[in-house]
Visitor: 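Submitted below is the structure of interest, expressed as C-alpha cells.
Predicted model only: the values in this text are computed from it and were never measured.
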Amino acid sequence: MMITRLHEKPVNPPRIRSTGTELAIGVILALLLVQSVAAAPVAPLVVAAGDSSPATKARANYTCDGFDDQVEIQAALAALPNDGTVVLSEGTFNCSGNIIAPAAGVTLMGQGPEKTSLEFSRNGILNVSEEYVTLEGFRIAGSGYVNASTNTTLDLGQWLGVLTVYASHAKIHNVTGTADASIQAVFLLLHNPNVYAPTLEDVEFVNCRAVDTGTYGFLHNAWGSENTTIKNVRYENCAAINCGRNGAFNPWVTGFDFAELNNMDGLRVTDCLAEGSLESGFHFEWNPAKRDCVFINCTSRNNGQKPSPDDYLLGDPDFFGAGFHLPGGQVSLVNCRAEENGAFGFFVINPDGMLLYNCTESGTGRDSAIAEPISYCILQSLPVSRNPSIVMDHCRSLDSNGWALFVCGTNNALVREFIMTNPAGIGGIGAILGCPSSKLPVNSTIDAGISNSTIDLIASGDRPQILVYIVNNRNVTYSGKVVSDAARPVAVEWTLAGGANLTGLEVLPASSTA
C-alpha cells in the first residue's frame with residue numbers, strides 16, 4: 001500500500017517476485033473478499049397482505065390471502081438468518097394463531113400503524129420469547145379470547161397480552177394496539193420462568209400507544225418465585241388512552257401498570273400520557289418493591305372513571321381513581337401533571353425516598369360523585385427507613401375540587417414551596433396537614449398526623465371556611481405565606497410534643513395584596 005505524505009513524491013513500493021509469498025497474499029485477499037461478501041446486509045423478506053396492491057404482491061417473498069395470515073408471517077420469520085428482518089406490507093393481516101419470533105435478533109417491521117395492521121382472533125398473540133427482538137411500525141388488535149378448555153373467558157389466574165414480551169433486550173417502536181375486554185393487556189411484559197428463565201430486563205417502548213381498550217394498556221407482571229424483579233424498562237412518548245373506559249377485563253383496569261406481581265428496578269417513563277382510564281393512569285400495586293423509578297414530563301388526565309363505592313374509605317385498596325398511584329418505594333416524578341382525575345391527582349402511601357419535583361395538579365375531583373377528592377394525598381401507615389421519606393419541591397395544586405393537600409401519618413417529610421390556589425375543599429377545609437387518629441390509615445403504626453417534618457407553602461383562596469388546617473403535629477416547622485379572606489385562613493388543633501412551629505408562616509388577608 002502506498003503512503004503519500006504532503007509535498008512529497010509517492011514512494012514506489014518494492015516489487016514482489018512471483019513466489020509462494022505472492023500466492024499467500026492472493027489467498028488472503030480471496031478470504032477477505034469472501035468475508036466481505038458474508039458480512040453484506042441480507043435483504044429482508046417481504047410479506048404482502050391479502051388486500052395489498054398487485055405491485056406489492058409481485059415484489060413479495062410471501063403473499064397472504066386474508067385467512068390464517070400468521071402462517072406466511074411465521075414462515076418468513078423462520079426463514080430468516082441471524083439478525084434478519086421481515087417486512088410487512090401495507091394492509092391487514094388476519095391472524096387466527098400466534099406469531100412467535102423464532103430466533104434472537106430478528107426484526108418484524110411494518111409500514112406504520114396507519115398502514116399495516118395485525119388483527120388477532122382465536123387466542124392469537126404476538127409472542128416475543130427470544131432476546132434482541134425488534135418490533136416496529138404496525139397496529140395490533142385482539143378480540144374474542146377464550147379459555148380453550150371451557151370455551152369461556154380467560155382465567156384470571158393466567159396473563160396474556162396481544163403483544164406479550166417474555167425475553168430481555170426487546171425493542172418495541174411505533175406500535176399502536178387495542179383489544180376488547182377478553183384479554184388481560186394490550187402490551188404485556190411478563191416474566192414467566194417456564195418460557196424465559198433469566199431476569200427480564202432491558203426492554204424499551206418508543207412511540208407506542210394503547211387506545212380504546214377493554215383492558216390494561218401496558219402491564220408488567222410475573223409468574224414463579226424466582227427472578228420476579230423486572231429491570232431497566234424504558235417508555236418514551238407512549239400513551240394509554242381510554243383503557244377500560246367502555247367495558248373492562250376487570251374492575252381495576254389502568255393505563256400503565258408497572259408492578260402487578262413483579263418488583264420493579266430501574267424504570268424510565270418520559271413524555272408519556274395516560275388519559276381516560278377506568279382506574280389509575282400510571283399505577284404501581286401496593287406490595288411489590290419499587291426502586292429507581294423515574295417519570296419525566298408525563299401527563300395523567302381524566303383517569304379514575306370508575307365511581308367510588310358507597311362505603312369508600314380513604315386509601316381503600318379496591319378503589320384507586322388516581323392520576324399517579326404510588327404506593328411506597330423509590331419513585332421520582334419530575335415535571336409531571338395530573339389533570340382532572342377522579343379521586344386523586346397524586347396518591348402516595350408509605351413513601352421511602354420519593355421525590356415530586358415541579359409537579360402540577362389541576363381539577364382533581366371533576367365528578368362530584370367521587371368521595372373526598374384529594375389533589376396530593378400523602379399517607380404513611382408503616383415506619384420507613386429514609387429521611388426524608390418524601391420530598392415535594394415546587395409542586396402546585398390549582399383549583400382542586402377537594403383537598404389540595406392531605407398529609408396523614410407522615411414522618412420526615414420535606415415540602416418546599418408548595419403552591420395551592422383556590423381549592424374547593426371538603427367539609428369546609430381546603431388542605432389538611434396532619435390528621436386525627438380517626439383518619440389514620442387502617443392498621444397504622446403511626447401515632448401522629450405529621451412528625452419531624454418541614455413544610456413551606458404558599459396558599460391562597462377563600463372558598464372553604466378554613467384554608468389550611470394543621471392538626472396532630474409533632475415537631476413540624478412551617479414557613480411561607482397564606483393569603484386568604486376565608487373565615488379562618490389557618491386553624492391549628494391538637495398538636496403534640498414539639499407541636500407545630502408557625503413562626504415562619506405569614507398569614508395575610510387577600511385585600512392586603514390587591
Side-chain angles (χ1 to χ4, degrees), residues 95 98-101 108 118 120 123-131 133-135 138-147 153-173 175-196 199-206 208-211 213-224 227-235 238-240 243-244 248-250 252-264 267 269 272 274 277-280 282-285 288:
C95 302
N98 293 346
I99 297 174
I100 302 172
L108 181 64
L118 297 170
F120 288 96
N123 290 6
I125 66 172
L126 179 50
N127 182 325
V128 177
S129 53
E130 296 287 344
E131 294 184 346
V133 169
T134 298
L135 307 175
F138 49 80
R139 175 182 178 271
I140 57 174
S143 61
Y145 294 86
V146 297
N147 186 315
T153 57
L154 290 173
D155 181 357
L156 289 177
Q158 304 296 309
W159 291 89
L160 292 174
V162 181
L163 194 167
T164 300
V165 178
Y166 293 102
S168 296
H169 315 299
K171 295 181 179 180
I172 299 90
H173 294 178
V175 176
T176 293
T178 191
D180 64 11
S182 65
I183 193 170
Q184 286 85 345
V186 177
F187 298 91
L188 175 61
L189 190 56
L190 176 65
H191 181 263
N192 180 350
N194 295 321
V195 177
Y196 178 84
T199 299
L200 179 54
E201 61 184 332
D202 183 29
V203 178
E204 68 178 29
F205 295 86
V206 179
C208 293
R209 292 161 54 87
V211 181
T213 78
T215 190
Y216 295 78
F218 298 83
L219 174 64
H220 298 181
N221 210 340
W223 295 351
N227 296 334
T228 57
T229 295
I230 295 177
K231 299 178 64 176
N232 300 329
V233 180
R234 301 173 297 282
Y235 289 85
C238 295
C243 295
F249 176 77
N250 64 30
W252 305 282
V253 167
T254 65
F256 293 81
D257 183 352
F258 302 106
E260 183 65 23
L261 299 177
N262 61 288
N263 298 326
M264 191 68 239
L267 173 69
V269 185
C272 290
S277 302
L278 177 69
E279 274 286 8
S280 308
F282 297 98
H283 184 87
F284 295 89
E285 271 297 314

Visitor: Among side-chain atoms of Glu204 and His173, is any donor-acceptor pair under 3.5 angstrom?
Guide: yes
Visitor: Does Asp202 have any salt bridge (Lys or Arg N to Asp or Glu O under 4.0 Å) partners at least two apart in sequence or in another chain, and if so, which?
Guide: Arg234
Visitor: Do the side chains of Leu200 and Tyr166 get nearer than 4.5 Å, heavy atoms only?
Guide: no
Visitor: Looking at every heavy atom in both Phe205 and Cys238, which two are closest together, and how far apart are they?
Guide: O-SG, 3.4 Å
Visitor: Can you find a heavy atom in the side chain of His191 that is under 4.5 Å from one in the side chain of Asn262?
Guide: no
Visitor: Return the CD to CD distance between Glu131 and Glu201, rounded to the nearest 0.5 Å.
Guide: 8.5 Å
Visitor: Do Gln184 and Tyr145 have a side chain donor and acceptor closer than 3.5 Å?
Guide: no
Visitor: Does the side chain of Asn221 come within less than 4.5 Å of Asp257's, by heavy atoms?
Guide: no
Visitor: If you round to the nearest 0.5 Å, how far is CG of Leu163 from CZ of Phe138?
Guide: 6.5 Å
Visitor: Side chains of Tyr235 and Leu267: closer than 4.5 Å at any heavy-atom pair?
Guide: yes
Visitor: Could you tell me which non-hydrogen atom of Phe258 sits nearest to which non-hydrogen atom of Val269, and how far apart they are?
Guide: CZ-CG2, 3.9 Å
Visitor: Give a yes or no on whether the backbone of Val195 and the side-chain of Ser129 come within a donor-acceptor separation of less than 3.5 Å.
Guide: no
Visitor: Quick one: does Leu118's side chain get under 4.5 Å of Ile140's, heavy atoms only?
Guide: yes
Visitor: For Thr254, does its backbone N or O pair with a side-chain atom of Ser277 as donor and acceptor, under 3.5 Å?
Guide: no
Visitor: Hey, could you give me the CG/CD1 distance between Leu188 and Ile183, rounded to the nearest 0.5 Å?
Guide: 8.0 Å
Visitor: Output the distance between atom CH2 (Trp252) and atom OG (Ser280), rounded to the nearest 0.5 Å.
Guide: 13.0 Å
